[in-house]
Number of protein chains: 2
Amino acid sequence: MTDLTTSLWIRKALQIHKSFLSFASMLSKKTKYAIKALVALGKNRENPPMQIVRLAEQEMIPRKFLEQILLDMRNAGYLYSKKGAGGGYSLNKDPKDIYLADILRITDGPIAMVPCASLKFYRKCDECHDEVTCGIRKTFIDVRDATLKVLAQTSIADVIARETDDIQIE
Amino acid sequence: MTDLTTSLWIRKALQIHKSFLSFASMLSKKTKYAIKALVALGKNRENPPMQIVRLAEQEMIPRKFLEQILLDMRNAGYLYSKKGAGGGYSLNKDPKDIYLADILRITDGPIAMVPCASLKFYRKCDECHDEVTCGIRKTFIDVRDATLKVLAQTSIADVIARETDDIQIE
DNA sequence: AATAAAGCCTACTATTTCTATAGATTTTTA
DNA sequence: TAAAAATCTATAGAAATAGTAGGCTTTATT
């Protein structure tokens, strides 16, 4: 028995793309949570450290999941942690020096859309015969460069700054 | 019982990122197959139509999977199909007029990395409180624009042309 | 020294998405 | 009428993501 919402013909009849139900090839929740956590810690710099539990509640992130994420960020050198009573997490770098590209690479891995176009996680594509002449590869190297131009230049500080941009009169 | 290759500590000891095993947030096989099929059909324009079976063999794509993909492309108006003996598939447009962005949208859906930054498949993000002031959103709209600048301007004809670029002396 | 608060670490489960296959149907040509 | 081909929907299988569990270690406080 097939679920109504995933039934092809009903979606077709209603002209619903599957992306209405799910949103593929997107940023993982892990990455979103990581960014939100870093932003929150960036705003909390006068008052460190911040406990996982507080952070989880404030940002509506499942606590145990957040634990793992923070651990990754810590192991990558972006966070400082302190155990025991009165402990918690705080930023180990200036928000200006934490770039989204780096966060993405820690949480989601490669930024490129195909392995063979990845800068930091290069791998040969399975379906590719001759990489040198692959037109797809060349295009997706361009895409990677364009994406990276944004992500490697946008820092947590920028994200925080942008949050209040709407106050400006346009 | 955990599989060796997925065991965290062994990966850690060998310093292997999980992307070595799998490659997340990337182009789906469906999309890759679609592009390859269109490129193949683009090269076969003097000799149409081409049968699914031949195309599948030539491009090393699982036949029944390819069927579905071609059907999608056909329903979207990019392919012409003919049933019965001597039938098959051929391009319904000039390769110059088939852009990668459009293919991606048919096969994978949105191009943006977050729903709230999508041009064609906009949807509110679950974890977002105030979209107007969301710094993440603004950044990923920039990413989307950068990506689209490449994908919406690169056609199947461009991909084909690029395949022989290496012949040029650099 | 004992206790409680917090992070550390690995494994596991559950859910969802992607990939692929199945099989019956329809259309066309010879 | 038989064979060749696409059409269509459903289902199965595989992989990735999301989330949970629970014991361990460190630190501060009393």
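- Of the candidate nucleotides C:dT21, D:dA18, D:dC8, C:dT21 has the atom lying nearest to any side-chain atom of B:F65.
- Comparing C:dC8, D:dA6, C:dA20 against the side chain of A:E67 picks out C:dC8 as the nearest.
- Of the side-chain N and O atoms in A:S81, none sit less than 4.0 angstrom from OP1 or OP2 of C:dA6.
- When the P atom of C:dA6 is taken as reference, atom CD of A:E57 falls 12 Å away, rounded to whole Å.
- Between B:G88 and A:Q68, the residue anchored closer to the 5' end of DNA chain D is B:G88, taking for each the nucleotide with the nearest heavy atom.
- Regarding A:Y80, its OH atom lies at a distance of 15 Å from the P atom of C:dA6, rounded to whole Å.
- Atom C1' of nucleotide D:dA5 and atom CG of B:L55 are separated by 14 Å, given to the nearest angstrom.
- If you measure from atom CD1 of B:I61 to atom P of C:dT21, you get 13 Å, rounded to the nearest angstrom.
- The base of D:dG22 is paired with the side chain of A:K64 by a donor and an acceptor separated by under 3.5 Å.
- Checked against the 6.0 Å centroid threshold, B:Y89 and B:Y80 do not count as a close aromatic pair.
- Residue contacts shown for A:L70 are absent, as no nucleic acid heavy atom lies under 4.0 Å away.
- There is no side-chain donor-acceptor pair under 3.5 Å between A:D142 and A:T139.
- If you measure from atom CE of A:M60 to atom P of D:dA18, you get 17 Å, rounded to the nearest angstrom.
- Minimum atom distance to the side chain of B:K82 is reached by C:dT28, of the listed C:dT28, D:dG19, C:dA20.
- For A:Y89, counting side-chain heavy atoms from C-beta on, the closest listed nucleotide (C:dG7, D:dC8, D:dA18) is C:dG7.
- Within 4.0 Å (heavy atoms only), A:R63 reaches no atom of the nucleic acid at all.
- Minimum heavy-atom separation, B:P115 to A:M26: CD-SD, 4.0 Å.
- In this entry the distance linking CG of B:L71 with C1' of D:dA10 reads 14 Å, nearest Å.
- Residue B:N75 contributes atom CG, which lies 10 Å from atom P of D:dT9 at whole-angstrom precision.
- Between the P atom of D:dC24 and the NZ atom of A:K83 lies a distance of 13 Å, rounded to the nearest Å.
- Nucleic acid contact for B:Y33: sugar-phosphate only, since backbone atoms but no base atoms lie under 4.0 Å from a heavy atom of the residue.
- In terms of heavy-atom proximity, A:G42 sits nearest to A:R45 at O-CG, 3.2 Å.
- Of all the heavy atoms in A:E131 and A:C116, the pair that sits closest is OE2-CB, 3.6 Å.
- In the set C:dC8, C:dT19, C:dT29, C:dT19 carries the atom at the smallest distance from any side-chain atom of B:K29.
- Side-chain proximity of B:R74 to the nucleotides C:dC9, D:dC8, C:dT26 is greatest for D:dC8.
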